[in-house]
Protein chains: 2
Amino acid sequence: MPTTTKAVQTARAKAEYNAFLAVCPSRQLLERISDKWVVLILCALGGETSGEVDGSRAARAMRYSELARLLTGVSPKMLTQTLRALERDGLVSRAVTPTVPVTVTYELTELGRSLHDLTRNLRQWAQVHMDEVLAHRAGHDAATS
Amino acid sequence: MPTTTKAVQTARAKAEYNAFLAVCPSRQLLERISDKWVVLILCALGGETSGEVDGSRAARAMRYSELARLLTGVSPKMLTQTLRALERDGLVSRAVTPTVPVTVTYELTELGRSLHDLTRNLRQWAQVHMDEVLAHRAGHDAATS
DNA sequence: CAGTATCCAGCTAGATACTG
DNA sequence: CAGTATCTAGCTGGATACTG
């Protein structure tokens with residue numbers, strides 16, 4: 001069988017590879033939070049609008065345009081797309097108030113807040129270790145050049 | 001000035017946007033760990049070769065080909081590229097033993113292990129909450145269809 | 001106000017073949 | 001064994017214009 005062997009092997013490898021991915025739940029989580037707009041929206045709705053690490057800001061609901069203004073440079077497409085995805089996963093809730101014109105607010109759910117706590121921990125680690133990482137990177141680049 | 005206005009506005013928006021990104025250190029960290037091969041390599045070198053959560057497996061050095069075999073489906077290009085990036089950031093160390101043929105092993109550094117601890121926490125959260133997320137997602141899809 | 005629709009460019013990952 | 005080199009295809013995100 002000269003024609004199938006390669007393809008079969010590839011398919012098999014793909015299957016195993018997917019299996020390996022599947023057993024790593026942190027992968028699934030990363031798939032959700034590794035999107036840059038997700039992190040920023042989480043920050044915004046979680047109340048981290050400044051660079052502070054006081055950790056005491058309250059989560060609050062924000063309007064679509066409010067988010068758009070805060071996440072400077074986000075296109076309506078990405079903002080909507082990201083918010084929809086987060087809503088789909090039960091991390092944010094969307095509330096429509098039938099004023100004229102219509103008012104829509106987004107807010108972290110309980111689950112969303114627990115995820116936000118995680119990203120806060122990430123931020124914590126980052127603030128402690130990223131300098132080290134960046135320093136090592138710079139050193140490595142200098143040594144290699 | 002009819003021609004510059006738009007571009008200037010865009011550039012300004014980009015700058016502000018980058019500033020907002022910069023104040024969020026967790027973004028930088030995510031930039032590093034959100035790569036799927038990074039997570040898998042961290043898992044592998046951290047000793048999480050199975051889906052177990054016993055948390056007691058020791059980190060160990062692994063050879064290039066060993067990693068390639070474990071991360072089924074990874075291309076040599078991606079494997080090398082990812083390992084180099086991790087080495088550059090001081091998260092893994094690369095050791096060459098001048099045997100014939102040459103033997104190369106990779107190992108988590110102290111910093112790498114601390115990052116691996118983080119991904120373990122992520123895995124923890126994922127195992128607790130991902131079902132909830134996926135259930136909500138399924139429910140949302142069913143309601144929307 | 002809060003989106004939707006469309007188009008396009010850039011980057012990245014995968015396949016593949018080759019080498020010290 | 002442990003990579004490097006090259007090419008290409010697909011997806012993602014950004015710009016932009018339009019609408020209930």
Side-chain angles (χ1 to χ4, degrees), chain A residues 5-18 21 27 31-32 34-41 61-87 92-107 144, chain B residues 5-18 21 27 31-32 34-41 61-87 92-107 144:
Chain A
T5 311
K6 269 279 181 51
V8 167
Q9 282 180 354
T10 304
R12 194 166 302 162
K14 273 232 163 71
E16 290 177 37
Y17 150 70
N18 287 331
L21 281 186
R27 273 267 71 226
E31 222 108 270
R32 167 93 348 274
S34 67
D35 183 272
K36 75 177 166 193
W37 299 120
V38 166
V39 181
L40 294 175
I41 288 174
M62 293 181 76
R63 302 181 59 172
Y64 182 89
S65 53
E66 212 172 347
L67 283 168
R69 228 172 304 116
L70 189 59
L71 312 191
T72 322
V74 69
S75 61
K77 175 188 171 182
M78 287 316 294
L79 185 53
T80 301
Q81 188 173 305
T82 308
L83 286 169
R84 290 283 193 274
L86 290 173
E87 189 195 0
V92 310
S93 59
R94 178 176 182 270
V96 181
T97 312
T99 51
V100 178
V102 65
T103 303
V104 180
T105 59
Y106 294 89
E107 192 171 8
T144 309
Chain B
T5 310
K6 268 281 182 50
V8 166
Q9 283 179 353
T10 304
R12 193 167 303 163
K14 273 234 164 69
E16 290 177 37
Y17 150 71
N18 286 332
L21 281 186
R27 271 268 71 224
E31 223 109 88
R32 167 90 351 273
S34 66
D35 184 89
K36 75 176 165 192
W37 299 120
V38 165
V39 180
L40 293 175
I41 288 174
M62 293 180 77
R63 301 181 60 171
Y64 181 90
S65 53
E66 213 173 346
L67 283 168
R69 228 172 303 117
L70 190 58
L71 311 191
T72 322
V74 69
S75 62
K77 174 189 171 183
M78 288 316 294
L79 185 52
T80 301
Q81 189 173 304
T82 308
L83 286 168
R84 290 283 193 275
L86 290 173
E87 189 194 1
V92 310
S93 59
R94 178 175 179 271
V96 180
T97 311
T99 50
V100 178
V102 66
T103 304
V104 181
T105 60
Y106 294 89
E107 193 172 7
T144 309

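Please read these numbers as outputs of a predicted model, since none were measured by experiment. Here is the naming used below: chain letters follow the sequence lines, and residue numbers restart at 1 for every chain.
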Fill in the blank from the handout: The dot-bracket string of DNA chain C, counting Watson-Crick and G-U wobble pairs with both distances under 3.5 Å, using [ ] for crossing pairs and | for pairs to another strand, is ||||||||||||||||||||

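- Listed candidates were D/dA17, D/dG13, C/dA13. Nearest to the side chain of B/Asp35 is C/dA13.
- Rounded to a whole Å, the OH atom of A/Tyr106 is 3 Å from the P atom of C/dG3.
- Of all the residues in residues 93-105 of chain B, not one reaches under 4.0 Å from DNA chain C with any non-hydrogen atom.
- A/Tyr64 has no side-chain polar atom (N or O) that falls below the 4.0 Å cut-off from OP1 or OP2 of C/dT4.
- Dashed line: the shortest gap from a side-chain N or O of B/Arg84 to OP1 or OP2 of D/dA2 is not under 4.0 Å.
- Listed candidates were C/dC1, D/dG13, D/dG3. Nearest to the side chain of A/Ser65 is C/dC1.
- Relative to the side chain of B/Gln81, the nucleotides D/dG14, C/dG3, C/dA13 differ in distance, and C/dA13 lies closest.
- Contact between the side-chain N/O atoms of B/Trp37 and the OP1/OP2 oxygens of C/dG14 is found at a separation under 4.0 Å.
- The nearest pair of heavy atoms linking B/Val102 to B/Thr97 is CG2-O, 3.6 Å.
- Per the geometry, CD belonging to A/Glu66 stands 16 Å off C1' belonging to C/dG3, to the nearest Å.
- Atom CG of A/Leu79 is separated from atom C1' of D/dT16 by 16 Å (rounded to the nearest Å).
- Considering only heavy atoms from C-beta on, A/Leu40 stays 4.5 Å or farther from A/Thr82 through its side chain.
- Contact check for A/Met78 versus A/Leu71: no side-chain heavy atoms found under the 4.5 Å cut-off.
- Between A/Leu83 and A/Trp37 the shortest side-chain heavy-atom distance does not fall below 4.5 Å.
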Sort me out a list of protein N/O and nucleotides 6-11 of chain D N/O pairs below 3.5 Å, or just none if empty.
none

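- Looking at A/Glu66, A/Arg94, A/Arg63 one by one, the single match for side chain to side chain donor-acceptor pair (under 3.5 Å) with A/Tyr106 turns out to be A/Arg94.
- A/Lys36 has its NZ atom 12 Å from the P atom of C/dC11, to the nearest Å.
- Taking the side chain of A/Met78 as heavy atoms from C-beta on, and the options D/dG14, D/dT4, C/dT4, the nearest nucleotide is D/dG14.
- Close to C/dC1, at under 4.0 Å from its OP1 or OP2, lies no side-chain N or O of A/Arg63.
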